[in-house]
Amino acid sequence: MFNLSMDTMCIKYFLPGNKKTLITVSNEKDLKRMIKFHGNSATVDVFIIMEENDAHDVSNMPASRSSRTSLSEAAPVDPPLAAPLDIVDAHNNHIDAPIETATEISSILTLSKSTQQWQNTITGVGQRFTGVQEFRETIRKYAIAHQFAFRYYKNDSNRVTVKCKVEGCPWRIHASRLSTTQLYKPKDIVTDIKEEFGIQLNYTQAWRGKEIAREQLQGSYKVAYSQLPLFCERIMETNPGSLATYSTKEDSSFHRLFIAFHACLCGFVEGCRPLLFLDSIPLNSKYQGTLLAATAADGDDGVFPVAFSVVDAETDENWHWFLLQLKSALSTTFPITFVADIQKGLRESISEIFKGSFHGYCLRYLTEQLIRDLKGQFSHEMKRLMIDDLHNAALAPRPELFQTYLESIKKISLEAYNWVIQSEPQNWANAYFPGARYNHMTSNFGELFYSWVLDAHELPITQMVDVIRQKIMELIYTRRATSDQWLTRLTPCMEEKLEKEGMKVRTLQVLLTTGSIFEVRGESTEIIDMDRWDCSCKGWQLSALPCSHAIAVITCIGRNPYDFCSRYFTTESYRLTYAESIQPIPDVERPLRKDSSSALVTVTPPPTRRPPGRPTTKKVGSHEVMKRQLQCSRCKGLGHNKSTCKELL
């Protein structure tokens, strides 16, 4: 009727009782809100404002909670043009700039290009930010671009709630940390609901509401288990050469799941040492369970995930099944050294499934078992000394040095000495171990991988696996890009180790002989066999890098030390480790193909559910090892103090 373009006009109205604040009507929801505000009024004044710039576009943002720091609620009302311009600094200090004249309003509406880009920094519900600082900065820029004042009503590392500073304005925005990084606790929900809405909830109501919201946002645990057949099928379709398989119990309930991506299997075979670390981590999901994992060490001593499995419980049977799947996925014939716990059926399963391979006992588990078996009869200091001697014995390169540390343990406790002798040192002591563990003595090498699991273990099973997949995918891409910049023959970590050994050479004397045998004198006299890459100090054999004695000989005969380093430490092998990529997996909620075999399979959640109450966070082992024991100051006995001593004065 007016022959005007909607792109150049803006409809606004005053809030009741506030003739300074103009609110924009840009959609049906805004119109309904305007009617609601003026429910007791006979009329409402509406203004048509012509603008040279495009109308401000603010998305509708209904309630939700989504991302690591994600928008979950906002009212889609343009902030008042007549309000003071509020610039918020990093310390939440407000700098008011009053806008009094039409000229000033016009000048502010003529935004710079940089400020114009800030107008759409808030895009809507589900928008994600890397952290709370980025969200705060985005809000600040958005407020400057739209020229309004805001105030923080909740502002911490987990939740941020922002409202318009003008009284009566309904504009509000809320963001919260993704539940996989830190949970919104029921007690915090109770407090927030009370503060913001004046409604008093009890703990159970808040917990139930949280669980309902979690399911709406993250999906149903039950549905996730039913999607496993299709999920495994699509992993192998999109990543040929991968192995994704599962098994159920007789009642069709979930039993276990195994995942090994082709990029990980190929990277291990082509570029990593034949060394695998086996360990487990409990899952704090609705149905509990345990994650079993096999990780490797890349050429720069970084964690490289190879395979993992979600099982209903950590049992000998499940470890056996995991190793069977791993053997099937790898299809290799070369011997592998496994660093793992002595128990849980691993000893028998490794020797049976990976014939010719080696099982190096994890020194951490060995230490914890020693302390438990000694039944707490020693003081804290005596335990510490025995643990130090045990570790030194494990690292000792030669039998005579190993025996020296054992004698030290014997002086403290004959029982502990006998325990160590019977613990099969050939499976954990460097002096006797027949395999190659490259000085890696514990199975918890893959802590980076386990931290990913802890970030996602409360998600439904398919989502948890996909989060892990994304993490591995990002790791491969990042390390591949980083290694493209390397100009050295060895990886940076190994270059540094070789350089340190080379600095010791200046004090060594090489005695030339015929053949490949050399004598090197320094603080000790060592024999070098160049043909066998062997030094009597055992440093060369244990690390797969030339020791200082070997470098002295290599330099003396005019050879290059790099030619005597393990190929697994070269930049070339490192790049082979990260040469393959993991491909994205399509949404498993899409309709099944009629010919899909997974359509005929039903998987239900396991019968075991997490018990009520807060899960325990106590770690048995490392803390228990160094726990202080009471010692009586009167009789010097253990297990009691002076006040409870029964010995008569």
Side-chain angles (χ1 to χ4, degrees), residues 23-24 26-27 29-30 32-33 36-37 56-80 83 86 88-92 94 118-146 148-201 205-218:
I23 303 298
T24 300
S26 58
N27 53 44
K29 195 171 183 180
D30 290 347
K32 291 180 179 179
R33 187 176 286 109
K36 182 179 179 181
F37 288 160
H56 301 171
D57 181 19
V58 181
S59 303
N60 289 327
M61 297 180 277
S64 171
R65 291 188 68 204
S66 177
S67 60
R68 179 166 297 180
T69 298
S70 109
L71 287 184
S72 60
E73 185 178 347
V77 181
D78 265 357
D86 196 10
V88 185
D89 63 18
H91 302 288
N92 196 23
H94 298 264
W118 296 348
Q119 292 181 358
N120 298 317
T121 52
I122 302 296
T123 60
V125 170
Q127 183 178 357
R128 300 189 177 194
F129 305 88
T130 57
V132 68
Q133 292 298 338
E134 182 187 352
F135 175 69
R136 290 171 182 150
E137 180 66 14
T138 302
I139 285 292
R140 186 184 70 83
K141 292 178 179 178
Y142 184 81
I144 292 174
H146 290 277
F148 72 97
F150 68 86
R151 187 181 302 280
Y152 289 107
Y153 282 80
K154 187 172 293 296
N155 187 17
D156 56 44
S157 60
N158 298 321
R159 304 179 305 282
V160 178
T161 301
V162 176
K163 296 181 181 180
C164 178
K165 195 175 181 181
V166 175
E167 184 178 355
C169 179
W171 189 89
R172 179 181 184 275
I173 191 167
H174 178 78
S176 59
R177 186 181 294 273
L178 180 64
S179 60
T180 55
T181 55
Q182 187 164 341
L183 296 175
Y184 193 19
K185 298 178 181 179
K187 66 176 183 180
D188 295 329
I189 297 175
V190 171
T191 302
D192 292 348
I193 294 295
K194 178 65 175 178
E195 289 179 356
E196 297 186 24
F197 301 102
I199 301 173
Q200 183 64 54
L201 301 179
Q205 290 172 321
W207 183 85
R208 288 175 179 170
K210 172 187 168 183
E211 290 300 304
I212 293 172
R214 188 210 301 275
E215 185 167 311
Q216 290 176 345
L217 290 170
Q218 300 174 347

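Side chains are part of it too, since the values below use all heavy atoms of this structure and drop only hydrogens, waters and symmetry mates.
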Between [X] and [Y], which heavy-atom pair has the shortest distance, and what is it?
X    : Y    : result
T24  : D30  : O-OD2, 3.6 Å
A206 : P186 : CB-O, 3.5 Å
I199 : I193 : O-CG2, 3.4 Å

Side chain to side chain contact (heavy atoms under 4.5 Å, CB included) with I212: which residues, sequence neighbours excluded?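 Q216.
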Pair R136-Y152, side-chain contact (heavy atoms from CB on, under 4.5 Å): steps then yes or no: CA-CA 10 Å; R136 290 171 182 150; Y152 289 107; 3.6 Å; yes
With a 4.5 Å cut-off on side-chain heavy atoms, are Q200 and V190 touching?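 Yes, at least one pair of side-chain atoms sits under 4.5 Å.
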Let me confirm one number: the [atom1]-[atom2] distance from [X] to [Y], rounded to the nearest 0.5 Å.
X    : Y    : atom1 : atom2 : result
F135 : Y142 : CZ    : OH    : 11.0 Å
T121 : Q127 : OG1   : CD    : 7.0 Å
R128 : E134 : CZ    : CD    : 13.0 Å
K210 : D188 : NZ    : CG    : 9.5 Å
R151 : K163 : CZ    : NZ    : 11.5 Å
R159 : D192 : CZ    : CG    : 4.5 Å

How far apart are the C-alpha atoms of V162 and W171, what are their side-chain angles, what is the distance that settles it, and do they pass the side-chain contact (heavy atoms from CB on, under 4.5 Å) test? CA-CA 9 Å; V162 176; W171 189 89; 3.9 Å; yes
